[in-house]
Structure formats: C-alpha cells, structure tokens
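Below: one structure, written as structure tokens.
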Amino acid sequence: MKRRLLVGVTAAAAAWGLLVGCSSSSSTSNQSKDKLVWSMWIAGSSDKAAWQQVANSVSAQGGPKVTIQGAPFNDYFTKLRTQLSTGSAPCVVSIQSLRAANYTDVLRPIDSYAKKGGLDLSEFDTTALNGMKVDGKLYALPYDTGPMLLFYNKDLFKQVGAEEPKPGWTLADFTAAAAKFKAAGKTMFASSVSDMNLESMILGYNGGRVIKADGTLDPSNPAFAKGLDWLASLVKNGTATQASADTDAPSNNFVSKKVGMYLDGPWSLLDRKGKVNFPIGVTTIPTGHTSGPSTFSAGSGFGISKQCAYPDQAFKAIKTMTSQKVLTTLARQGRAFPGRTAAQQAWYENAHIDGVERVLKTAQKASTPLPGNKQSDQLQQLFSQYGIQAVNGQQSGAETMKSIAGQLGQ
C-alpha cells in the first residue's frame, strides 16, 4: 500500500515511483469477456515484472487475459477518477483503503460476487478486509495491509544506553528512552504531519481521533487537540525533530542516523532495511492514556468499476490476484505485507528482522482500520498546512483544529 502522501498511503509515493507505461497499449475500449484492463500503480522494472506475473496468473487459472494500465503514482487517482467518470474505465481497479470512500459512486460492491463465487472472506486478514468496506459494503479484495509501526536504529539505542523498545511498550517507556537520547545529545523521534502518521501517534497517546469509526469527521475532538499538544511538547523538549512539509524528511533523517526512530508501515520496512547501514528494529506505537486501539492500519486492494460490462469475469480476476498462491509469491519477493493471513508467514521469513513477527502480530491486535472519508484528501492537505504550526508549537492543538474544522465546513 502507499500511504496517503499515501497519500501517505504512501508516503511512500517515492517508494513506488513511476508506473509502468502500459496505457498506450491497453485501451479500455478493447475489453471483452476474454480481455480485461487492470489499472495499477507500479515502480521500476522489478515492480513491473512482479505485477505482470500477478496479471498472468489470471489467464493461467482459466480466466481472462489481464493487461496493466497505469500512471505515475502521484497522478494515478486523478487520472483514475477521470477514467471512471468518462466511460473509459478499466474493469479491474486498484484502490487504497484510505480512498475507498471517495470511489463508492464508481466502484461495485462485491459482497454478492464473493458469495456467488464461493470465496471464503474469513481467510483474509480482518483489518485488511474491514479497511476495504464502506458503510458495511465490501468494495475491494485486499492484497496488502499493515498497522503503523516504529522503525528504530538498534545501534543508536545501544549507544545512548536506552533499552530497546519491546512490542507493547508504553508512553512511560518511550519517555524513559527519550531521556537517554537527550542526555547523549541525540534526537530520538522524527516528527511527521502526514495524516496517518499524525493520527496513529495520537491514537496511541490518548485515543483521540479526527475520523470516527463510522468514517465521519470529528475535527473538534478535544483528545485529538491534546494529542497535537503532546507532539509539540516532544519538539520543544528535544525528543523530536521539527515538523516540515517534506514528507520524505522523517525517513531520510532515519537513514542518515539523525534520529533514532520514525513512524512508517510494513509496506516500507524491507525497502528501508535495504537502505540503512545499521541493524534496523521495529516496534509498536507506545500506548498512553487509552484502553482502545493504539494504531491505525491501512492497505490496498482490487475492485471492479461500475462501468465494467463483465463484472463476473472481473471478479474471477481479482479472486485469483488475491489468492494465497499469488500473495505468497509476492511476500517471498519482499513486497507488501499480505492481506491473506495464510500468506503472511512467507513475508516474515523473507524479512530476516529479529522479532518482526511478534511485533506485527502485536500491532495488528492493537490496530483498527483508518476509515476513509470523502474529505480525507482535503484533511491531509490541511494537516500539511496547519499541522506543522501545531507540532512545532507555534499554535495550540485546539486553535489548529478549529482552523481545520472551519476549512472542512464543520
């Protein structure tokens, strides 16, 4: 999944880069029962080869031929909306859980197709599946999922004398480690105002959330405003870096050893591991004054456009594309954490990171899908505009959220 940036989500747009240039040779006007077009974001030659194997798996299982069409990630959803609104829609559509609510008018609910096709939905990770639902209806089959996590530099923790964070660690543990970093003249945490990062840290801190479980906005939530003040206190006391509009700054600061940890998702873990020259650790978001979920999860999946004239064939395609066999192959290639539980072990085995299975399982149990909302993209833009001032202590959390609520028409 790409974070909303991944937008994030995905954050991480850089991690995915350019999409395969297949659009010129895969016109949607040529779709038929035996030939469907799949819209997907892809980066580089290795991604192209991996996703082409996914497409090829459909015809290998007796389904239609699937051809990939795409655009650079940063343009993907803009172009997709245009396609889905003008009659040039691909049948198979890649969608993020964070954006699903924005596309319910152009995507088919697939619950009835799953029932008719005999698909056992219980074989999918619960949070992954729930993330693809809007108002109780399923709009895509998830191929990946993941809770937000903290990546940390094992060498830096050892150097400053801080205990390595164990999964399930608390706010008190976080504060104790921060004190060790400060005493050694080091910065422990990289601040971020990307929406999923910001919302996950605050959820763990005190349960505050700006999007309710039912997907409605709640920008006046007082606990969320207090969470912003807590993040500002981390900057003020030297625990965290100042926030900036550069969405790549947290990961860049981590790779360059300027900070001891930063927030990210499992979709970035193996890529980040390959870019650092120190042992990388992973742990859960610290829990503070909350008894509920302490992190958000998100993912991506494959749905069917309403304009598709061959929905049965399209469902057969996405059923194969999210099968245990296909997702296990992607996991062994080090790709996104699988949306099917039976395929996740292959990802763990490929990661080669101490304790990663325990951490992810702990985080999954403590996670809840971050609901989408039709104003989610606007909310992210407002966090980028106003959140920096809040996290850097230039404005209180309450004042910041009042400004954001006004812009959202709340």
Side-chain angles (χ1 to χ4, degrees), residues 11 147-194 197-198 200-206 227-244 246-266 268-290 294-295 351-360 362-363 366 388 390-393:
M148 294 302 292
L149 305 163
L150 283 168
F151 300 176
Y152 68 93
N153 182 328
K154 286 176 170 283
D155 282 349
L156 268 182
F157 267 75
K158 183 178 181 179
Q159 180 182 332
V160 304
E163 183 177 350
E164 284 194 31
K166 297 180 175 61
W169 68 327
T170 66
L171 183 60
D173 299 325
F174 179 88
T175 302
K180 294 286 188 179
F181 270 80
K182 185 174 182 179
K186 303 287 185 179
T187 304
M188 187 173 82
F189 181 68
S191 296
S192 170
V193 293
S194 291
N197 296 20
L198 204 63
S200 294
M201 283 299 288
I202 292 175
L203 184 70
Y205 171 67
N206 66 359
L228 284 174
D229 290 336
W230 169 64
L231 292 174
S233 74
L234 299 183
V235 174
K236 183 177 181 180
N237 67 24
T239 293
T241 61
Q242 285 209 331
S244 77
D246 182 1
T247 56
D248 292 326
S251 60
N252 289 340
N253 285 337
F254 179 71
V255 171
S256 61
K257 306 179 185 180
K258 293 180 180 178
V259 296
M261 57 171 39
Y262 86 109
L263 199 67
D264 211 329
S268 298
L269 180 56
L270 302 187
D271 175 73
R272 205 64 67 238
K273 177 189 174 187
K275 291 180 178 178
V276 301
N277 62 358
F278 52 81
I280 192 170
V282 60
T283 191
T284 55
I285 289 176
T287 55
H289 316 291
T290 178
S294 57
T295 188
H352 300 297
I353 296 176
D354 291 342
V356 68
E357 181 172 356
R358 180 188 171 199
V359 170
L360 262 170
T362 300
I388 293 174
V391 174
N392 290 342

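As the structure is a computational prediction, the values presented were derived from the model and not from experiment. One-based numbering along the sequence shown.
Screening residues 171-190 for side chain to side chain donor-acceptor pair (under 3.5 Å) gives T170-D173 as the qualifying pairs, with residues at least two apart or on separate chains.
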Quiz item: Going through the distances and angles, do F181 and L156 end up as a side-chain contact (heavy atoms from CB on, under 4.5 Å)?
Solution: CA-CA 9 Å; F181 270 80; L156 268 182; 4.3 Å; yes
Quiz item: For L269 and I280, what are the C-alpha separation, side-chain angles and deciding distance, and is it a side-chain contact (heavy atoms from CB on, under 4.5 Å)?
Solution: CA-CA 9 Å; L269 180 56; I280 192 170; 4.2 Å; yes
Practice problem: Let me see the working for L263 and I285 under side-chain contact (heavy atoms from CB on, under 4.5 Å), right down to the final yes or no. | Solution: CA-CA 8 Å; L263 199 67; I285 289 176; 3.7 Å; yes
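Here CG of N153 is found 10.5 Å from OG of S256. Values are rounded to the nearest 0.5 Å. Distance check: K275 NZ to N252 CG gives 8.5 Å after rounding to the nearest 0.5 Å. The line from CG of L150 to CG of D264 is 10.0 Å long, rounded to the nearest 0.5 Å. Here the OG1 atom belonging to T283 is positioned 8.5 Å from the CG atom belonging to L149, to the nearest 0.5 angstrom. To the nearest 0.5 Å, the span separating OG1 on T290 from CG on L171 amounts to 11.5 Å. Remark: F151 CZ to K273 NZ distance equals 12.0 Å, nearest 0.5 Å.
Side-chain contact between E163 and W169 is absent, with no heavy atoms from C-beta onward closer than 4.5 Å. S192 places none of its side-chain heavy atoms less than 4.5 Å from the side chain of M201. Using a 4.5 Å heavy-atom threshold, the side chains of F174 and M188 count as touching. Annotation: side chain of V391 is in contact with side chain of L198 (closest heavy-atom distance under 4.5 Å). Here the side chains of P147 and P266 are in contact, with some heavy-atom distance below 4.5 Å.
Looking only at distances, no side-chain donor or acceptor of S191 sits under 3.5 Å from a matching main-chain atom of Q242. Between the side chain of T284 and the main chain of A363, no donor-acceptor pair closer than 3.5 Å is present. Distance alone, capped at 3.5 Å, is enough to place a donor-acceptor pair between the N392 side chain and the A243 backbone.
Smallest separation of non-hydrogen atoms from V356 and A351: CG1-CB, 4.2 Å. Across all their heavy atoms, F157 and A177 have their closest contact at CE2-CB, 4.1 Å. Residues S200 and M148 come closest through the heavy atom pair OG-CG, 3.3 Å.
Residues forming a ring-ring contact (aromatic ring centres under 6.0 Å, His included) with F254 (at least two apart in sequence, or on another chain): Y262, F278. By the side chain to side chain contact (heavy atoms under 4.5 Å, CB included) test, D246 pairs with S244, D248, A249, sequence neighbours left out. With sequence neighbours excluded, no residue forms a ring-ring contact (aromatic ring centres under 6.0 Å, His included) with F189. In terms of the salt bridge (charged side-chain N to carboxylate O under 4.0 Å, His left out) criterion, residue partners of K154 (sequence neighbours excluded) are, by chain and number, E164.
With a 6.0 Å radius and a threshold of 12 heavy atoms from other residues, nucleotides or ligands, K258 has its NZ atom at or below the threshold.
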Could you give the side-chain donor-acceptor pairs of residues 231-240 under 3.5 Å, partners two or more places apart or in another chain?
| from | atom 1 | to | atom 2 | distance (Å) |
| --- | --- | --- | --- | --- |
| S233 | OG | W230 | O | 2.5 |
| N237 | OD1 | T239 | N | 2.9 |
| N237 | OD1 | T239 | OG1 | 2.8 |
| N237 | ND2 | S233 | O | 3.2 |

